[in-house]
Asks: 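Dropping the structure in here first, questions after.
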There are 2 protein chains.
Amino acid sequence: MSAPAQKPKSDRYEEILEAAAECFQKQGFSATSIDTVARHLGSTKGRVYHYFPSKMDLFNAVRDRAMEIAFDGIRPGYDTDADPIERLRLMSMGHARVMMLRHSYMQVLLDGLQMQRYGATTEFQRQAMARHLAERNAFETMFREVLTLGADQGVMTIGHMSITLQSYLITLNGPVFWYRPRSDGSADNVDAIAHDIVRYAMRGLGIDDNDNTSTISTGA
Amino acid sequence: MSAPAQKPKSDRYEEILEAAAECFQKQGFSATSIDTVARHLGSTKGRVYHYFPSKMDLFNAVRDRAMEIAFDGIRPGYDTDADPIERLRLMSMGHARVMMLRHSYMQVLLDGLQMQRYGATTEFQRQAMARHLAERNAFETMFREVLTLGADQGVMTIGHMSITLQSYLITLNGPVFWYRPRSDGSADNVDAIAHDIVRYAMRGLGIDDNDNTSTISTGA
DNA sequence: TTGACAACATACTCGGTAGTATGTTTGCGT
DNA sequence: ACGCAAACATACTACCGAGTATGTTGTCAA
């Protein structure tokens, strides 16, 4: 009999992951206790520890999931058969959208990068960190490729690649720091904001569309 | 008799502030213990608690100092009697430089903004947070003013002011996330990096100098 | 029916940490 | 010389939080 193997590990697993993402996002790693996550689930520690052997493993799982989400956001654009500018635009829009729509996961992702700070204690943890840095690098490389293509074709102005790439990415990541999800999950505004951000970011590369309008609705 | 009132509160105070900034930067607020700061000073908790009544007060002091440093970085440019573009360039260069040269304080500053997350527990703490947000707002307003001037004069292209401002500032703040201070405190490279960042950021506003060179020395 | 296991909840241990209470030294005014 | 207070260090308390050990309930197969 074929088990319902569609769910990655069962819905419970997903529930905990989601709750953990929100807690880590709101309070950071250190300030978040397993009890906090459990309370957020309306349960107790037992349930969390039944699925995750340690707090660090839980965090790593959230981080890994966040990385998947980030990749999923840019891959359609990356795989598009188009010129570098259009590919970059699609990738950037996808990323900016994800930054807002999956806000919790994305903030945890950025926190996780800074978490070299917490010092990789165990050997296993060092491996997890190394793997994560490799993924982060792969993510950046996808953008770097398209930027290099654009520079070679003379359609993008890039000074120092490393600095420009970092500046470009941090601009797309910007919403993580100031965007707060709407109570009504309206995606329209998200698209408008993403559009503005991508336009600004791409102008930094010397790419300028003539669409100077902004469709952001300033609520009340 | 006039006491040596030059030192803000005595050198000891400054030492602790500096050590705390480095610890908070490396490990974040929650993961940093008072004992950690004390060990970093080669002393014990007693010394820290002699100058700061609580961990939160210590953090607030670091945060306030960081805010001062940030203001000092942009004020010369802001006060310059020049056109908006030149003022913005000076402000931006000053800010980008500070982001690298005072790396610890600046990272704590950004962490502190996200610290609404930790929930303002006491009434006093809520006031400190409110005051800090007001200062942050004043800081942003200095940039907003110059951007508005530039837009009015038609020398800057700004879509949605709020989004553009946030994108512009986060670009300048970028180094906080990837810059690591050199062992030799060489400032030359810092200037070159800042120059590249500011060029990218200002291009996003439609301001383009024709200086397409990058003088960053890629070590080894 | 029963045994066995998954899916938790409950009750603990134990190390770390904020904050406090209490020494101890040093310098300085008188 | 003496008192005294600043500037710490030391010792302690109280609590919280990660991890563990054990109990409880439902389900399902034989």
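These numbers come from the heavy atoms of this one structure, side chains and all, not from hydrogens, waters or symmetry mates. Lettering follows sequence order; numbering is per chain, from 1.
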Asks: Does the structure place the NZ or CZ of B/Lys55 under 6.0 Å from the centre of the six-membered ring of B/Phe29, at an angle of no more than 45° from the ring's axis?
Replies: yes
Asks: Could you check how far CZ of B/Phe52 sits from C1' of C/dT20, rounded to whole Å?
Replies: 19 Å
Asks: Salt bridge between B/Asp72 and B/Arg75, side-chain N to carboxylate O under 4.0 Å?
Replies: no
Asks: Side-chain N or O of A/Arg12 versus OP1/OP2 of C/dA6: is the shortest distance under 4.0 Å?
Replies: no
Asks: Got a salt bridge between A/Arg65 and A/Glu14, using NZ or NE/NH1/NH2 to carboxylate O under 4.0 Å?
Replies: yes
Asks: Just the rounded figure in Å: distance from P of D/dC8 to CG of B/Asp11.
Replies: 11 Å
Asks: Can you give one letter per nucleotide of nucleotides 14-19 of chain D, going 5' to 3': B for a protein heavy atom under 4.0 Å from the base, S for sugar-phosphate only, - for none?
Replies: ---SBB
Asks: Whether the side chain of A/His103 engages the backbone of A/Tyr179 through a donor-acceptor N/O pair (distance < 3.5 Å, no angle test) should be reported.
Replies: yes
Asks: Excluding sequence neighbours, so at least two apart, what forms side-chain hydrogen bond (donor to acceptor under 3.5 Å, both in side chains) with A/Ser33?
Replies: A/Thr36
Asks: Could you state the atom-to-atom distance from CG of B/Leu41 to P of D/dA7 in whole Å?
Replies: 15 Å
Asks: For C/dA7, does OP1 or OP2 lie under 4.0 Å from any side-chain N or O of A/His50?
Replies: yes
Asks: Do NZ/NE/NH1/NH2 and the carboxylate oxygens of A/Glu22 and A/Lys26 come within less than 4.0 Å?
Replies: no
Asks: In whole Å, I'd like the distance from the CZ atom of A/Arg47 to the C1' atom of C/dT10.
Replies: 16 Å
